[in-house]
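Just so we're on the same page: letters track the sequence lines, and every chain starts at 1. What's counted below: heavy atoms across the whole structure, side chains too, no hydrogens, waters or symmetry copies.
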There are 2 protein chains.
Amino acid sequence: MSNGLIYRLEQLEILNSEDFRIIDTLLVAQRDIPEHSFIINEKHAQQYIHFVLKGWAIKYKTLENGDRQIVNFVLPGDIISIYSPIFLNAEHTVESITDMRLGYFSSGLLLETMRNAPRLAVALMWMAGQDERVLEEQIVRVGRRRSTKRMAHLLAELFRRQRLAGFSYEQARLLPLNQLLLSDALGLSHIHAHRVFRELDKIGLIARTHNTIELLDIKSLVAFSDFDESYLEAIVNPTMIKILKPS
Amino acid sequence: MSNGLIYRLEQLEILNSEDFRIIDTLLVAQRDIPEHSFIINEKHAQQYIHFVLKGWAIKYKTLENGDRQIVNFVLPGDIISIYSPIFLNAEHTVESITDMRLGYFSSGLLLETMRNAPRLAVALMWMAGQDERVLEEQIVRVGRRRSTKRMAHLLAELFRRQRLAGFSYEQARLLPLNQLLLSDALGLSHIHAHRVFRELDKIGLIARTHNTIELLDIKSLVAFSDFDESYLEAIVNPTMIKILKPS
DNA sequence: CGTATATTTGAAAGCTGTCAACACTTGTGG
DNA sequence: CCACAAGTGTTGACAGCTTTCAAATATACG
């Protein structure tokens with residue numbers, strides 16, 4: 001598992017070697033940041049598009065009263081807010097929760113790429129669409145699932161997303177999360193998140209160590225949470241592919 | 001208020017007359033559909049990109065147990081799931097809740113436009129980004145706001161979105177919604193939604209008639225719900241505009 | 001006019017948040 | 001290496017919010 005983004009794009013099976021060469025040029029600019037760094041700041045302008053080579057971040061919004069709601073987790077292989085440069089000010093904050101390695105490129109380069117590399121444009125749109133699907137699932141989760149299954153469902157998603165970024169089964173079982181982060185993501189008080197934790201613990205689905213959650217039984221976790229991974233599937237509509245290759 | 005999409009794009013101030021001419025060609029294909037029609041079907045392939053000329057729809061996902069969660073409302077001036085054609089199967093359903101007039105165009109045309117009209121491409125990305133912002137706000141709403149303010153916050157958003165699509169103040173005060181729809185959107189039981197309704201009624205924020213909610217006091221509604229409209233702002237980052245016009 | 005859909009009510013149960021302490025871990029500086 | 005501070009995790013009790021159940025009423029539509 002070297003580069004989650006490339007791994008994901010390979011799965012799509014729409015890019016050719018020239019496309020990957022272009023991606024290589026995007027990979028030039030990289031930087032390492034420590035835990036608790038801000039990548040995007042609410043109410044601030046954003047110039048670059050980032051993508052994650054290593055580490056995790058959270059994307060959240062802060063309320064009037066200081067509460068925060070984590071909107072999504074940002075994993076290796078994810079692009080961070082592809083749209084940010086379009087807007088004057090960001091509406092959410094993106095903050096690292098582990099050490100990270102990021103790649104980044106300018107919005108101008110994005111536009112150029114969308115223009116000159118139609119397959120890459122579709123791939124990027126696919127990434128953005130994927131992101132939207134994850135957000136929608138988060139709405140369903142928070143709106144319609146009870147705390148325990150809500151937590152389990154999120155954990156199942158995060159496992160699956162790590163797998164889709166090329167993590168091995170064993171690696172993907174480990175999530176760099178704690179109680180606070182999960183309660184802020186699930187719309188629960190941290191005290192109730194603790195109750196939920198204990199319950200999942202008791203039925204043998206998870207184990208916890210400092211800042212790491214270990215998924216002990218993926219199959220049961222998926223069944224218990226009614227997790228249906230179809231919204232994460234990495235398949236491009238064949239019609240779209242036909243349009244790309246009008247041979 | 002003739003065409004909400006054009007109205008919104010005009011506000012962006014990045015398109016020129018040639019761009020609007022291209023849009024005109026996209027406007028050729030239109031159809032009218034009655035209330036309760038399916039525009040996109042969960043688990044079905046999607047070929048066209050739709051946009052709303054008239055009427056409202058809901059975008060929702062159905063759970064294992066038959067519950068549904070409305071993920072977003074679809075209003076005049078909105079594009080319906082710009083990404084749909086990329087995926088093999090839709091992950092949500094879009095269903096009209098009033099009579100509607102839709103425009104539609106093929107995914108091939110979308111790609112071509114993104115390629116040949118960079119300003120339009122940015123405009124479309126802006127639309128998609130706007131959509132994502134609305135989803136994120138919905139997550140915050142459902143995750144971190146209590147029922148009454150949650151409802152008020154959503155109503156304030158919908159008013160604002162109608163205004164941004166060119167509705168007059170008086171028109172935008174009317175929402176074609178009922179109790180069931182709002183409870184499914186807010187993650188509440190319809191019984192609790194009813195309690196909330198009565199409360200908003202009592203403090204004079206709304207009035208209800210058959211399938212229409214009337215907002216009586218926008219200012220108080222916004223204040224009561226801590227509604228901050230900044231996530232809906234129609235401003236493109238100047239840097240982006242500069243990139244488009246490298247004069 | 002009857003049926004289906006939507007709204008309304010009251011009561012009870014259940015889930016989740018809040019409060020107030022306390023314990024534990026980690027990282028820092030002496 | 002120890003002590004302390006800060007952050008995170010843990011507990012129990014209780015209040016409050018929301019769902020569920022059961023049933024009645026209203027409204028729309030054919």
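- Rounded to a whole Å, the CZ atom of Arg150(B) is 13 Å from the P atom of dC17(D).
- Among the protein residues, Arg146(B) comes within range of the sugar-phosphate backbone only, with heavy atoms under 4.0 Å from sugar or phosphate atoms but none that close to a base.
- The interatomic distance linking His192(A) (NE2) with dG12(D) (C1') rounds to 15 Å, in whole Å.
- Closest approach to the Ser147(B) side chain among dT18(D), dT18(C), dT26(C) is made by dT18(D) (side chain taken as heavy atoms from C-beta onward).
- Nearest-nucleotide positions on DNA chain C place Ala193(A) closer to the 5' end than the other of Ala193(A) and His210(A).
- No salt bridge links Arg145(B) with Asp67(A); every basic N to acidic carboxylate O contact stays at or beyond 4.0 Å.
- Scored by the side-chain hydrogen bond (donor to acceptor under 3.5 Å, both in side chains) test, Asp201(B) finds Arg208(B) as partners (sequence neighbours excluded).
- Separating the CZ atom of Arg145(A) from the C1' atom of dC15(C) is a distance of 17 Å, rounded to the nearest angstrom.
- If you take CZ of Arg144(A) and P of dT20(D), they are 9 Å apart, rounded to a whole angstrom.
- Taking atom CG of residue Leu188(B) and atom C1' of nucleotide dT16(C), one finds them 14 Å apart after rounding to whole Å.
- In summary, Arg133(A) and Glu137(A) do not engage in a salt bridge, as defined by a charged side-chain N under 4.0 Å from a carboxylate O.
- With the end axes of the helix from dC1(C)-dG30(D) to dG30(C)-dC1(D) each set by five pairs, the angle from one to the other reads 50° at 10° resolution.
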Pick out the pairs of N or O atoms, protein on one side and nucleotides 7-9 of chain C on the other, that lie under 3.5 Å.
from	atom 1	to	atom 2	distance (Å)
dT7(C)	OP1	Gln179(B)	N	3.2
dT7(C)	OP2	Leu180(B)	N	3.4
dT8(C)	OP2	Gln179(B)	OE1	2.7
dT8(C)	OP2	His194(B)	NE2	2.9
dT8(C)	OP2	Arg208(B)	NH1	3.0
dT8(C)	O5'	His194(B)	NE2	2.8
dT9(C)	OP2	Arg198(B)	NH1	2.2

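- Listed for the Ser81(B) side chain is no donor-acceptor partner under 3.5 Å among the backbone atoms of Ser84(B).
- Side chains of Lys149(A) and Arg141(A) form no contact here, defined as non-hydrogen atoms less than 4.5 Å apart.
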Pairs under 3.5 angstrom only: tabulate donor-acceptor contacts from the side chains of residues 215-224 of chain A to other protein residues two or more places apart or in another chain.
from	atom 1	to	atom 2	distance (Å)
Asp217(A)	OD1	Lys219(A)	N	3.4
Asp217(A)	OD1	Ser220(A)	N	3.1
Asp217(A)	OD1	Ser220(A)	OG	3.2
Asp217(A)	OD2	Ser220(A)	OG	2.5

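- Proximity of the aromatic rings of Tyr7(A) and Phe167(A) is defined here by a centroid distance below 6.0 angstrom, and this criterion is not met.
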Only distances under 3.5 Å count here; give the side-chain donor-acceptor pairs of residues 44-55 of chain A to other protein atoms, sequence neighbours excluded, each with its distance to 0.1 Å.
from	atom 1	to	atom 2	distance (Å)
His44(A)	ND1	Glu42(A)	O	3.0
His50(A)	NE2	Arg31(A)	NH2	3.0

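- With rounding to whole Å, Met151(A) atom CE is found 15 Å from dC15(C) atom C1'.
- At whole-Å resolution of the value, CG in Leu186(A) and P in dG17(C) are 10 Å apart.
- Taking atom NE2 of His36(A) as the reference point, atom P of dA6(D) lies 15 Å away to the nearest angstrom.
- With sequence neighbours left out, Gln11(B) forms a side-chain hydrogen bond (donor to acceptor under 3.5 Å, both in side chains) with no residue at all.
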